[in-house]
Structure formats: structure tokens, C-alpha cells
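To start, the structure under review is shown below, and the notes come after it.
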Amino acid sequence: MSSDTISQSISIVHPVSLSHGRNAEVWDTDGKRYIDFVGGIGVLNLGHCHPRIVEAIREQATRLTHYAFNAAPHAPYIELIERLAAFVPVEYPVSGMLTNSGAEAAENALKIVRGATGRTAVVAFDGAFHGRTLATLNLNGKVAPYKQKVGVLPGPVYHLPYPSQDNGVTCTEALKAMDRLFSVEIDVNDVACFIIEPVQGEAGFLALDASFAQALRQFCDDKGIVLIVDEIQSGFGRTGQRFAFSRLGIEPDLILLGKSIAGGVPLGAVVGRKALLDNLPKGGLGGTYSGNPIACAAALATLDEMTDANLQAWGAQQEEAIVSRYESWRGHGVTPYLGRLTGVGAMRGLELAHADGTPASAQLTQLLALAREAGLLLMPSGKSRHIIRLLAPLTTEAAVLEEGLDILEACLVRLA
């Protein structure tokens, strides 16, 4: 499946070449079937080739395949922004712009907050992942491999510990670190924004401490700082709600969207308070492909499926299946390397660790290969690459989900 014409700086998790897919199943070019617990890294909450999305793409492709919105507006962009404004669960009026990806959404959010505040400093969090573009690299709370060999990055950016029951960092510890940051490193009046994930993805599905989120919201209000919540991976139903910030009891000022927004078609968005989105001069936001009509049509079809009833039912079904199976594995001692189950809802991380709690990275590498051989695709995460991210489509049929968990169990038993 490899090609010398593809950059060797692209890391491949699974050395297979995929041909086609249907909901939570994919087939490679040799005809082998796999159950997909990767979901395009959180892009396919509605599965591969959802019929409603495919039909929306087909229909739009017969009408208008592209127009740059900043040259001449088109109906799918306008309708999607209106639908997103209604879909985002906040009390204030929502404004927004469309982008090509989550990373591009983060880049535009940085421009927006600079324009709105006149400040440049950003506070992000250990373990964070916000993209691979130059500015987003500096937001990431991890050096290898993202920040290696690229030199000085746009800033200034400062990092704080990410408080979560899943990593043992308490709200009190994070608040103390924040106090130190503004006592030692930077004047709080120079900070434009905080950017945070309500559930970290790259770090292995760590759910943010709600008390810290509420304290941070109050702090930002008091200091005139913009609070950006990155819902690129946690949004669109992954935690059983529309967006994960709702469980924290806060409202962000800006929200970053991407991944499952359009059923696999490249699209992202920045949405939030109108005064923030409107502060740059005309032409300060936009892009040639941002809000492509076909991508917008796919997103509109996606939103049609994401009713609250559907999201709650899908999330509850998957959470119950994963949690009950994990508890069974723990109870039966299927492997000495089974660590914690992290995350919330259907956004779950399965940790592999040694008896002393140190990461079992070698065993995770073994597990990836064993599962792939048995017909299951898994995605690694965590600072030490020792946590499996479970990202099966929310629409996965119950029998297919159980089959995938059966394969995972059998592979866990074989770990050495």
C-alpha cells in the first residue's frame, strides 16, 4: 500500500489500502472486511456512506459544485450557518463562518480574538491537540512529533495542566498553576484567549473537570478574556449530546467545529458571539473553498439525522456496551495490561498499562496488529501511545459493535 511518491513524513497507523465502506464496516482492496472503530479519527459519527448524506451530495453536485462564498454567496452556506446557529446550545445569538477543516477553524479563531481584544497571548493545555498548521502546532500540548524540526512557532502561547479525573490532575492543582502563570510568566491583561477541549482527544479521551470549566468561565468573564472551546472531535453527538461543553455547565464565546460536521466531506466552522465574529474588517475572514456547496449539503443532511433523541439513544447504547464489556474484562482479568477506561459517553479511551501504572506502549502496538489481523481497526492515542481511542460510528449496528468488542477482547487475551 505504500508509495515512494507519498511523503514519508505522513505516519500510517494501519498498512492497508481501503476500497469502500458501509456504516461501521470497511473493506480493503483485497476484499478483506474490517469493523471500523477509528471512524476516520472521529469524522464518521454517522458511519461510512450514510444514504441521506450520499443523496445530498449527489443532488447538490447536479446543481452547483463550487462557488467562493466571498465572491458570490450561495444558498447551502447560508442555510447551514442558520442551522448551526440553531443547533449550538447557547443562550446568546450565534454568528459563524465556515472553513475547510478544524485546524483552519482554530487559525481563524486566533485571528478573531486578536481583532476583538487587541491582545496576542493564548493559554492552552497540556495534552491538547488543535491541528497541524503552523499556529495550531504551538497550541498543541505535546512536542513529538508535531513541533519537532519546525523552529520558532507563532505565539506567545502558554500551557497549563489539564484537570480531569481521567489523568489525576485536580481542579485545585490547575487553578494553582494558572495563578502561578499570571504571577510569574505573563500579565493577565495580555491574554487574548484560553482554548480548551471539553474532552481531550489526542491525549486519550480525558474529560474536563466541570468545576474547573466553571471557574475558568468566570475568570475569563472577569478579565475580558475570550474562552474558545474546541469541539472538533467531541462534537456532533460523540458524548451523547450535541456538544460536550453542555455537560460542563458553561457557554463558550467561540466554538470550533469540524470532523463529523459533514459526514466525511471536508468542512469546519467557527461559531460564537456575533460581536467577536464581526470585529475584523471586510475580507478579514473567508477562503476559496470555505463552505463549498457540496460540503454544506452534506452537513445539512448530517444535521437532519442528529436529533436530540437520536444522539441520546446512540450515545447511551454505545456507552452501555463499552462500559459493561470493560467491567467484564476487569472482572475476569482478561489481561494484566488492562488499565483505566477514560472519557465520557461514547467517547472512550481504553488504557493499556503495566501493574505499576506505567504505559504499556509495546502491548498497544501489538494490540493494533492483532486486531487488524482479526478484522478490527483501532486508533492509538495518549502521550505514550498507550490508549486506544474508541470511535466507532454512533450508528453502528448493535451486532456489529458487539462483534468488534468480541474481537478486541480476544486480542486483549493474547497480549504478551
Side-chain angles (χ1 to χ4, degrees), residues 11-16 24 34-39 41-42 126-127 129 141-142 144-145 161-170 173 199-207 209 239 317-392 396 398-416:
S11 177
I12 304 296
V13 176
H14 295 292
V16 300
Y34 303 88
I35 295 173
D36 185 8
F37 277 13
V38 177
I41 314 184
D126 296 352
F129 183 84
K142 178 181 178 182
Y162 182 88
S164 170
Q165 288 187 349
D166 296 318
N167 65 4
V169 177
T170 67
E173 290 169 338
V199 184
Q200 285 193 338
E202 177 78 5
F205 291 167
L206 311 180
D209 182 286
T239 62
Q317 176 191 3
Q318 228 177 89
E319 180 178 23
E320 181 181 355
I322 293 169
V323 172
S324 64
R325 188 64 70 96
Y326 171 78
E327 291 174 349
S328 173
W329 295 339
R330 293 283 286 184
H332 291 90
V334 297
T335 174
Y337 301 108
L338 185 63
R340 301 165 302 160
L341 184 68
T342 65
V344 63
M347 193 172 180
R348 294 289 178 161
L350 186 66
E351 180 189 54
L352 297 187
H354 297 284
D356 61 2
T358 57
S361 304
Q363 283 71 29
L364 185 137
T365 299
Q366 181 188 11
L367 179 62
L368 292 176
L370 288 172
R372 181 173 61 248
E373 181 184 349
L376 174 66
L377 299 180
L378 300 172
M379 186 68 195
S381 65
K383 182 179 179 181
S384 300
R385 194 181 167 92
H386 68 295
I387 299 173
I388 291 293
R389 274 187 272 187
L390 297 176
L391 284 169
T396 303
V400 174
L401 181 63
E402 290 299 325
E403 182 186 356
L405 293 171
D406 286 343
I407 294 172
L408 181 52
E409 179 177 334
C411 294
L412 288 169
V413 171
R414 294 176 60 190
L415 292 181

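In this text, all values refer to a predicted model and were calculated from it rather than measured experimentally. In what follows, residues are counted from 1 in the order of the sequence shown.
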Worksheet item: What residues, two or more places apart in sequence or in another chain, satisfy side-chain contact (heavy atoms from CB on, under 4.5 Å) together with Ala353?
Response: Glu351
Discussion item. Between Tyr162 and Leu206 (side chain of the first, backbone of the second, donor and acceptor by atom type, cut-off under 3.5 Å), is there such a pair?
Written reply: yes
Practice prompt. Run the numbers on Arg389 and Met347 for side chain to side chain contact (heavy atoms under 4.5 Å, CB included), then give the verdict.
Written response: CA-CA 8 Å; Arg389 274 187 272 187; Met347 193 172 180; over 6 Å; no
Worksheet entry | Closest non-hydrogen atom pair between Val400 and Ile35, with its separation | O-CD1, 3.7 Å
Worksheet item: Given Leu368 and Arg385, is the side chain to side chain contact (heavy atoms under 4.5 Å, CB included) satisfied, shown in steps?
Response: CA-CA 11 Å; Leu368 292 176; Arg385 194 181 167 92; 3.8 Å; yes
Worksheet item: Glu403: what forms a side-chain hydrogen bond (donor to acceptor under 3.5 Å, both in side chains) with it, not counting sequence neighbours?
Response: Arg33
Determine all donor-acceptor pairs shorter than 3.5 Å in which one atom belongs to a side chain in residues 406-416; sequence neighbours excluded.
residue : atom : partner : partner atom : Å
Asp406  : OD1  : Arg325  : NH1          : 2.9
Asp406  : OD1  : Arg325  : NH2          : 3.1
Glu409  : OE1  : Arg325  : NH1          : 3.3
Glu409  : OE1  : Trp329  : NE1          : 2.9

Discussion item. Just to verify, what does Pro161 make a side-chain contact (heavy atoms from CB on, under 4.5 Å) with, not counting sequence neighbours?
Written reply: Asp126, Val169, Ala177
Fill in: With Glu319 via salt bridge (Lys or Arg N to Asp or Glu O under 4.0 Å) - residues at least two apart
Arg348
Fill in: For Phe129, ring-ring contact (aromatic ring centres under 6.0 Å, His included) partners two or more places apart
Tyr146
Worksheet item: How far apart are the closest heavy atoms of Leu378 and Pro380, and which atoms are they?
Response: O-CD, 4.0 Å
Practice prompt. Decide yes or no for Tyr326 and Leu338: does some side-chain heavy atom of the first lie under 4.5 Å from some side-chain heavy atom of the second?
Written response: yes
Worksheet item: At their closest point, which heavy atom of Glu402 faces which heavy atom of Ala321, and how far apart are they?
Response: OE2-CB, 3.7 Å
Discussion item. According to side-chain hydrogen bond (donor to acceptor under 3.5 Å, both in side chains), who are the partners of Tyr34, at least two apart in sequence or on a separate chain?
Written reply: Asp28
Item to complete: Mind jotting down which residue pairs meet the side chain to side chain donor-acceptor pair (under 3.5 Å) criterion with at least one end in residues 354-369? Sequence neighbours excluded, please.
Response: Asp356-Thr358
Discussion item. Tell me every residue that passes side-chain hydrogen bond (donor to acceptor under 3.5 Å, both in side chains) with Ser324, counting only those two or more places apart in sequence or in another chain.
Written reply: none
Discussion item. Measuring only between side-chain heavy atoms, which start at C-beta, is Thr396 closer than 4.5 Å to Asp36?
Written reply: no
Discussion item. Do Phe205 and Ile388 make a side-chain contact, defined as non-hydrogen atoms from C-beta onward lying under 4.5 Å apart?
Written reply: no
Worksheet item: Considering only heavy atoms from C-beta outward, does the side chain of Leu352 approach that of Ile387 to under 4.5 Å?
Response: no
Item to complete: Could you name each residue pair satisfying ring pair (Phe, Tyr, Trp, His ring centres under 6.0 Å) that touches residues 357-390, not counting sequence neighbours?
Response: none
Worksheet item: Under the criterion side chain to side chain contact (heavy atoms under 4.5 Å, CB included), which of Leu377, Leu391, Leu401 is the partner of Phe37?
Response: Leu401
Item to complete: Using the side chain to side chain donor-acceptor pair (under 3.5 Å) rule, collect all pairs that involve residues 369-382, keeping only residues at least two apart or in two chains.
Response: His14-Arg372
Fill in: Set of residues satisfying salt bridge (Lys or Arg N to Asp or Glu O under 4.0 Å) with respect to Lys383, sequence neighbours excluded
none
